[in-house]
Amino acid sequence: MVLRRPLVELFAVEPDRIQVTWQSVPDAELTVQVADHKVTVATNSRPGGLILNGLTPDSSYELSIRGDRSTSFTHHFRTPGHPAGDELFRFATLNDVHLGETNFGYFKTIGDSSNHSEEPSVRCAHAAIGAFSAWGAQQLIIKGDLVHRGTKQQWSSAQQILDRVGIPTAMMLGNHEVSPSDRIDPIAAAAAMGHDLTPNVRCLDRPGIRVVLTNTTVTGSRSGRLARSHDQIIAAVADANGPCIVLLHHNLQRHRFPTFLPAGIPGPQADRLLSDLAATGTPCCISSGHTHRNRRSTRHGISLAEVGSPKDYPGVWAGYVVHEGGIRQVSYRITDPSCSEWLEQTHRAALGVWGLWSPGTVSDRCYTVNW
Ligand SMILES: [Fe+2]
Ligand SMILES: [Fe+2]
């Protein structure tokens, strides 16, 4: 069996809209049709994407793609229903922006050959901000690794980017903020931007949900630990008046030792957290970053998501829609023309395996947790 990235794919599905994305196709034009929604778009044979609105929740559809040369694609899908009750709140997350990182791949051999004046991570961050603002996010939460080496210049770049976010923003530390390189103190840098990163666990009580922000970093280490924050996370969830989402930078490993890199939180610590969270009886789910890939699993009855980076393939941000009866995640690809060609190049990392490994499936990226 030969594994290949699809030339065109259904990347994101919401109750009333979808995102379709494509690689560098041979076609100068693509016609995308779902029921009586039909759009013809000029691709100029470059990677890109579009959003189709106006679909009916909880319905089956056929997605048809026709190119003017060779691309032809048909896919059946179903839109999810809304979780029960009214929509109460929606927020966006970004993780692993890595401002200041200019190359990608294990040996950093993938560089940006475009003549843009801004580096790819900055362009992708700007594009994500535009996309989640248009989507209607009421809050942004940054789940760590905002900066790559934590230099003064990179924090300055972060400040300039966050100044453009027109909604309340909260952030957490990632390993790249606390790595022992030429960084400045991340607590002080964040404080200068108006963010207090001192507590290991912080709660944002928003309509219908308590968002629990967690510091899992260990100075000088790429991997994460829960030793400092475990009891506070459990207390924050146990004391909540309603459902919670726990946000971590590091992924919760299944095993004591990592089965892929980068290393996250060792399995025994992760299992203890999940078991204790389940024992609180409070409905909750978890979302992390760090792995730069998109995955979803359920352990101890708790939904866990890993969300990819905006600046390397496939290039995503995540949105969460809170209803009275549940929460829905959707991850959108960044398809802004200033980013698409860079993101397309980064699929070549790890001899092309990255382009197959990182995206996950539609159900890894778009799913509902009912309370
Ligand atoms: Fe990262
Ligand atoms: Fe990380």
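This one's a predicted model, so the numbers in the text were calculated from it and none came from an experiment. Start at 1 with the first residue, then count along the sequence. Counting starts at 1 for both ligands and their atoms, following the listed order.
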Cut-off 3.5 Å, side chains only: do [X] and [Y] have a donor facing an acceptor?
X	Y	value
Thr151	Gln153	no
His323	Arg328	no
Thr71	Asp27	yes

Is the count of non-hydrogen atoms from other residues, nucleotides or ligands lying under 6.0 Å from Arg78 atom CZ greater than 12?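 Enclosed: over 12 neighbouring heavy atoms sit under 6.0 Å from CZ of Arg78.
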Going by chain and residue number, what protein N/O/S atoms come nearer than 2.8 Å to the Fe ion (ligand 2)?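 The answer is Asp145 OD2, Asn175 OD1, His249 NE2, His290 ND1.
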Round to 10° and report the angle made at the Fe ion (ligand 1) by NE2 of His292 and NE2 of His98.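 Vertex the Fe ion (ligand 1), arms to NE2 of His292 and NE2 of His98: 90°.
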Please determine if Arg293 forms a cation-pi arrangement with Trp354, meaning its NZ or CZ atom is less than 6.0 Å from the six-membered ring centre and no more than 45° off the ring axis.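 No cation-pi geometry.
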Under the side-chain contact (heavy atoms from CB on, under 4.5 Å) test against Tyr313, which residue among Gln345, Arg333, His292, Arg348 passes?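 The residue from Gln345, Arg333, His292, Arg348 that satisfies side-chain contact (heavy atoms from CB on, under 4.5 Å) with Tyr313 turns out to be Arg333.
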